[in-house]
Amino acid sequence: MTKFSLWLAAGTNNVLPAGDPYAHHLFMRCLFHAKHDDIIKFDVKTTKITKTSDEFKATGLRRMPGIFAVEESGETQTFETEDEILDFLEYLKPSRDDDEEAENATCDLFRQFARFVKDVEHSDTALNTELLRLDKYLSEHGTRFLVSDDIAHLDCLVLTRLHSIRIAAK
């Protein structure tokens, strides 16, 4: 059994996770893997960035987000850097199925969003074009999510980006 804790920075109420898009992506990825593999068990824990809890300190983690994993043998591992965390999640089943058509439909979405937020072009045309491209792809495929009616790895990434766009658009 794979058992781990995903440690995230606490929000303003000091309990629920903060609004970090990367943390949301990690949480969705953990849910994705746990949904598709019954032996994966995880929980989400939060702590204040300014004053970390004793429980967080006991894991040996130094920053958030982070993963503290306990193997069946009792051996523990920590994953703190983005590369380490993503490598750990890639190790879990199910493996990521690539869908080139879905990836092409979403590949420039966040880049155009970043350009819009940074006000590089003083226009929302490129971002709107990417959103329309994504909308067209979804309507042509008639599925609930990008690849199928079940959430896939790519959806975990795109949904967090769409959430960021929604918040910034307000």
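Here, residue 1 is the first one in the sequence, and each next residue gets the next number.
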Task: Heavy-atom pair with the smallest gap, counting every atom of L26 and I85 - done: CD2-CG2, 3.5 Å

Open item on the list: Are the side chains of H36 and K93 in contact, using a 4.5 Å heavy-atom criterion?
Closed with: no

- [ ] Identify the two heavy atoms, one from Y137 and one from D99, that lie closest to each other, and give their separation to 0.1 Å.
- [x] OH-OD1, 4.0 Å

Open item on the list: Less than 6.0 angstrom separating the ring centers of W7 and F68, yes or no?
Closed with: no

Open item on the list: Strictly below 4.0 Å, N to O, side chains only: are D43 and K45 in salt-bridge contact?
Closed with: yes

Open item on the list: Using 0.5 Å steps for rounding, measure from the CD atom of E130 to the SG atom of C107.
Closed with: 6.5 Å

TODO: Compute the ring centroids of F113 and F110, then answer whether they are less than 6.0 Å apart.
DONE: yes

Open item on the list: Please give me the minimum heavy-atom distance between R133 and D108, naming the atom from each residue.
Closed with: NH1-OD2, 3.9 Å

Task: Straight-line distance of L8 CG to H24 NE2, nearest 0.5 Å - done: 8.0 Å

Open item on the list: Assess whether a salt bridge exists between K35 and D150, defined as any Lys/Arg side-chain N lying under 4.0 Å from an Asp/Glu carboxylate O.
Closed with: yes

Task: Least distance between heavy atoms, T52 atom then M64 atom - done: CG2-CE, 4.4 Å

Open item on the list: Can you tell me which residue among I67, L6, L86, L61 is in a side chain to side chain contact (heavy atoms under 4.5 Å, CB included) with F79?
Closed with: I67

